[in-house]
Amino acid sequence: MKFLRLFFRYLPRYKGKLALYVLFTFLGALFSVFSFTAIIPILNVLFDIPDAGIELASLADASSLKEVFKALGNNMMFYLQQQIQSKGASHVLLMSCLFWVGMTILKNCLTYTSSLFRAPIRHGIYRDMREELFTKIIHLPVDFFASAYKGDVMSRITSDIIEVAAGIKKAFNLLIKDAINILIPLITLLTISWKLTVVTLLMLPAYLWAFNKVALIVQRHTLRAQNLMGTNVSHFDQMMNGLRLIKSSAIENRVRADFIRQNEETRHQYVIRNWIADLSYPLSEIFMTSVAAVILWIGGNTVISGASTLGGAVFIYFLVVFISMVSPVMSATDAFFGIRQSIACIERLEFVLNVDTSKEESIPSSTDAMHIDSISVEDVSFGYNQDTPVLTEANLHIEGPGRYAIVGQSGIGKTTLIDLLFRFHDVTSGEIRINGDDIRGINLADLRKSISYVNQDTFLFNDTILYNITLGDTMLNLCDVESICQAIGIHDFIQSLPKGYLTVVGDQGVCLSCGQKQCIAIARALVRRNSVLILDEATSGLDGHTEEKVLKGIESIRGKSTILIISHRLSAIKDVDKIFVLKAGRTVAEGDHRTSI
């Protein structure tokens, strides 16, 4: 049911193409069955089966669908006899063969046409899934990753979504193509001989029971395998992010051994999953062959004894139509196993999709950033868990414009306080107010875009320096960026690079030094020209001379704005108007540089 809900969640967007796909698939299956009727005259001609005494039947006299089909078959044999008598058996054999080929060509043209409508639907659904998942992840709250491995989340949006996409492809086959290609022949079989068809269907429940048991085992092993794959991706993520530590600590062999053990366990689970899943085709073939043998034995005996109303040629036609169901039945079996595998992956995707992101999905109410005159922290308490509070009734008041600083030992809650200001988390108790209003009542997007922030963990996109400063904002031009970079003294350094501002910095700015990355991050914050700038250890990677130059540049650009500095470096906070000292999660002192330090 989970898979069907996901499948039909996206399908309505493509109902026009879906209707055409169903239509051409239906016509293809119909002509496939119809093409097999050429077997009857071919057999009659080859084995010289007598059809003397056949007279033309009136369709108007038929009182049921069965009698209509019987009359059509009778009339076909009547005209066949006439053609044999007038033009000879060889001519009829040639015409029957050409009819068979023509019907097969027409059937395949219809089937190919149906695939032209199927591909846009299927890949459209893949695209919609990826877009929804990306949108969901970009709106995930920051604290989501406190309890989830980034690598495991990456695995869910890569390998898991590939498995689900494969399941959707097989669902198309099962619910539409295979269903039609089984239903049309089944109706034909019921029309020819309902008794033989019922015998066929009586063998179905035992097969479905065994088949479902195997499919459930496949689903269980798929879930285990995908969870292990998530752990593998986490290993890769940690290895790449911690490569310098691994090499400097000379623990490559230990890390490699841990990964090999985990990787082997993953391989083992996938092997078991595939061994069981590969039973689908053998089970289907054994079942269909067994049913065909039963039909041949029962039906053949009735034809031999003369107890059946079916002629030999019609009985062979019955068998051919039944055999035409073998391929779609085996395809449906494989599709069912694939869907079971996808269900396990859907459960992992739902872990991400079901996270409440309503708070994060706000739309800016204005294109302009709001002007912030004051920030007040009033008796704020917060902890990442109930047993360990980080902030306890913290208080501070910032009235702009001015320069302010928050100092305290590491782990005392300085960065946490900034996270609360951006509402990456919500306070446990107390209030944070901007311009006198509780930030929980302010549009979240408006709040965040009105504060420029440079944190201690500098992140750069694998893109140009220009993009990393403007973040793709088309309202900012190169002149704006150059004036900012000149003010903080990094313009000459950027121009010395091979492509200047169009130089690609590599993954997370790997081509730049720590200090250079911090300078670009500072330029990124300054170019937005917000009324509040927060610098969280933003100059820790700079030497004293460069730091002084950057801070003077910031001062010249900011003008009458509010700057909040979080730093352990006295050089960064010596000229501030007020310092707030945090200790044990509380504000224990405030004043100027001389009185506080």
Side-chain angles (χ1 to χ4, degrees), residues 29-30 32-54 64-74 76-77 80 93 96-97 100 103-104 178-214 278-334 336:
L30 196 62
S32 176
V33 172
F34 190 53
S35 68
F36 294 142
T37 58
I39 292 174
I40 297 175
I42 290 172
L43 291 172
N44 283 334
V45 171
L46 288 175
F47 298 105
D48 195 22
I49 299 174
D51 284 311
I54 296 177
S64 65
L65 184 62
K66 182 178 181 180
E67 291 187 6
V68 170
F69 281 105
K70 186 176 180 180
L72 287 172
N74 179 86
M76 184 184 72
M77 297 308 301
L80 179 64
L93 182 61
S96 298
C97 292
W100 192 2
M103 288 297 100
T104 302
D178 294 335
I180 290 174
N181 285 324
I182 292 171
L183 187 61
I184 297 296
L186 186 60
I187 293 172
T188 305
L189 295 179
L190 286 168
T191 303
I192 298 171
S193 173
W194 68 268
K195 291 181 181 179
L196 282 177
T197 307
V198 168
V199 170
T200 302
L201 296 177
L202 287 175
M203 301 178 66
L204 192 60
Y207 166 72
L208 292 178
W209 178 85
F211 177 72
N212 189 55
K213 289 292 183 183
V214 175
D278 288 343
L279 286 171
S280 61
Y281 265 78
L283 282 175
S284 300
E285 189 170 358
I286 290 169
F287 169 73
M288 296 300 287
T289 304
S290 301
V291 174
V294 170
I295 292 172
L296 186 59
W297 180 66
I298 296 175
N301 278 323
T302 57
V303 171
I304 292 170
S305 65
S308 174
T309 57
L310 298 178
V314 176
F315 176 64
I316 296 299
Y317 173 61
F318 182 94
L319 272 177
V320 170
V321 173
F322 174 78
I323 291 170
S324 74
M325 293 172 57
V326 172
S327 179
V329 166
M330 293 177 70
S331 176
T333 304
D334 181 59
F336 191 75

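Just so you know, these numbers come straight off a predicted model, no measurement behind them.
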Engineer: Which heavy atom of Pro185 sits nearest to which heavy atom of Ile182, and what is that distance?
Structural biologist: CD-O, 3.4 Å
Engineer: Atom CG in Leu319, atom CD1 in Ile323: separation rounded to 0.5 Å?
Structural biologist: 5.5 Å
Engineer: Taking only residues two or more places apart in sequence or in another chain, which ones pass side-chain hydrogen bond (donor to acceptor under 3.5 Å, both in side chains) with Asn181?
Structural biologist: none
Engineer: Between Leu196 and Phe318, which heavy-atom pair has the shortest distance, and what is it?
Structural biologist: CB-CZ, 3.6 Å
Engineer: Please report the closest heavy-atom contact between Leu189 and Met325, naming both atoms and the distance.
Structural biologist: CD1-SD, 3.7 Å
Engineer: Could you tell me which non-hydrogen atom of Pro328 sits nearest to which non-hydrogen atom of Ser324, and how far apart they are?
Structural biologist: CD-O, 3.2 Å
Engineer: Holding to side-chain contact (heavy atoms from CB on, under 4.5 Å), I want the full list of residues that pass it with Leu183, two or more places apart in sequence or in another chain.
Structural biologist: Ile187
Engineer: Any idea which heavy atoms bring Ala29 and Ile180 closest together, and the distance?
Structural biologist: CB-CG2, 3.7 Å
